[in-house]
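A short write-up of the structure that comes next.
Both counts, for ligands and for their atoms, begin at 1 and track the order of listing. Numbers here are sequence positions counted from 1.
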Amino acid sequence: MGFTLKNLLQHIILLQLATVPVCMLLGAQAAPIRITLDTLKTCTQGLVAQTNITTSCCPAPDINLDVPVVDFIPKRDRINGHRVRKALQCLSGEELETYTQKLTKAYDIMRALPAGDPRSLLQQQRIHCAYGSGAFIQDDLSAADNYTIDVHSNWLFLPWHRMFVYFHERILQKLLDDPTFALHFWNFDNSLDGTKSNGVEGKGEGCFKPGHFFPDIYNNNSTSTFEPVRSPRTLIPNITVDLTIVAGVPQANIPVRFANDSAPGNRKAMHDAMQSGTIPRDFFGVPFKYGDARLFPLAGAGSLEFQPHNSWHRWIGGLTRFPSTATADPIFNPAHANIERLWDVWMKMGDNRKLQPTDPDWLDVEFLFWDENQVLRRIKIRDILSISDLGYSFEKVYDESWMDFVA
Ligand code: C2O
């Protein structure tokens, strides 16, 4: 079948895009999106695009917005040395035990912080909600005309989510008083046992086991990394995540799309998402600049965002289903750590794959995040393009599982 549902949706989306060159209509000068203290102060009701339901997620009233903003400078701010984010499925023994203890302790603390503390899980939820539901209005433009901001369905997606996980990780470190703590990732994209299929066992460092099951460490209902409202399918042991979902949500009690095996559908989805990026727009998503109206859901999403990212959100369900609540479920972070790992992998794949946008209207986009000391930091996309400058790397995993996929 040459024309999949995904193709169809993307074609519809491109047609829609052709009809909305809004900044041209306005005659407004395109410029990078900028989030400032004023943006925070003029934050308004958001609208969850997927449901059309309004939501309130502006910074809690007891958070002081009359504060200095401190520029983020990646190398200078790399205070914590270098850390390696590992694949969750390969942790074992003492390392697993220590990691589980630390992670659950950090979320115990984060859940207990008062709402006025921007590091609280509640505020971590609200920040993603505000950035993802149109609650922030573009400078001097009007929310009524849809000149709001969304970090989904456009080229802001990958960098914004890398920043979110980065600051979230720094907050966890601070709450644990452990600057070496790294947020390990959910390697949902690997469905093969590389130690068997590639004979790499014992050769070199890395994790070559399949990682496509819901991570156990987030699935213990007596700890703070658990969320009871997830789809019941996440509770069934050894059920493969479904990365082929592009619309709707599979019925909660029909969890098995694939038998517990090499999940060729997932590997194909990964292969397609990672190969489609010969032009930056396909991989990163469409440009979104000052003067552009917010798009409806899915329009303009890059290949990694569209699928697998949206797919696992739908598969997990519960709080992760909508931007208004997604970051209240701790699973969001290891899953997004893997998304940004895949961005990094893509950058290194083949000679013509390194076409990151070079447009200053992308590089100079400015966002605000609270750091681990509750200081508001101004950070630009150009600041986060090198993860080694940010002070971390990812354990090597078996990306060949989808890179080498042949239908
Ligand atoms: Cu802002 Cu996985 O979403």
Side-chain angles (χ1 to χ4, degrees), residues 33 35 46-51 53 55 57 85 121-136 148-169 183 185-189 214-215 218 225 227 229-231 234 241-243 245-247 249 269-270 273 283-286 288 294-344 346 365 367-370 379 381 384:
I33 293 286
I35 305 289
L47 183 73
V48 180
Q50 292 88 340
T51 55
I53 292 173
T55 177
C57 44
R85 294 184 183 168
L121 192 61
L122 179 70
Q123 186 56 37
Q124 293 288 295
Q125 171 195 334
R126 294 169 77 107
I127 193 84
H128 180 261
C129 171
Y131 273 103
S133 68
F136 291 151
T148 55
I149 288 159
D150 199 328
V151 294
H152 303 99
S153 295
N154 59 54
W155 69 1
L156 304 180
F157 172 79
L158 287 175
W160 188 91
H161 289 77
R162 170 170 288 171
M163 293 174 192
F164 180 88
V165 174
Y166 175 77
F167 283 106
H168 192 80
E169 181 179 58
L183 194 59
F185 61 95
W186 176 24
N187 184 199
F188 55 74
D189 54 293
F214 194 87
Y218 288 85
T225 54
E227 259 309 330
V229 296
R230 292 175 193 141
S231 161
T234 57
V241 64
D242 186 345
L243 303 179
I245 307 165
V246 290
V249 177
M270 283 308 308
F283 187 72
F284 288 86
V286 299
F288 184 70
R294 183 177 173 224
L295 298 172
F296 64 94
L298 304 187
S303 60
L304 195 53
E305 178 184 0
F306 190 81
Q307 187 188 6
H309 164 265
N310 288 352
S311 311
W312 59 251
H313 271 282
R314 289 171 193 272
W315 185 84
I316 298 170
L319 300 178
T320 73
R321 186 75 182 81
F322 302 112
S324 44
T325 49
T327 43
D329 186 335
I331 191 64
F332 181 93
N333 301 288
H336 267 281
N338 196 40
I339 291 290
E340 60 142 321
R341 185 189 71 81
L342 289 164
W343 170 13
D344 207 50
W346 181 85
V365 167
F367 294 122
L368 295 181
F369 283 88
W370 280 279
I379 184 165
I381 289 179
I384 53 92

Exercise. Any N/O/S atom of His336 sitting less than 2.8 Å from atom 1 (Cu) of ligand 1, backbone or side chain?
Worked result: no

Exercise. With a 4.5 Å heavy-atom cut-off, do Arg341 and Asp189 have their side chains touching?
Worked result: yes

For this session: Could you give me the CA-CA distance, side-chain angles and deciding distance for Asn333 and Phe164, then say whether side chain to side chain contact (heavy atoms under 4.5 Å, CB included) is met?
Result: CA-CA 9 Å; Asn333 301 288; Phe164 180 88; 3.4 Å; yes

For this session: Please say which of Leu243, Asn310, Val241 ends up in a side-chain contact (heavy atoms from CB on, under 4.5 Å) with Trp315.
Result: Val241

Problem set entry | atom 2 (Cu) of ligand 1 contact by His309, N, O or S atom under 2.8 Å | yes

Exercise. When you measure from atom 2 (Cu) of ligand 1 to each N, O or S atom of His313, which atom gives the shortest distance?
Worked result: NE2

For this session: Indicate whether any N or O donor in one side chain lies under 3.5 Å from an N or O acceptor in the other, for Glu340 and His161.
Result: no

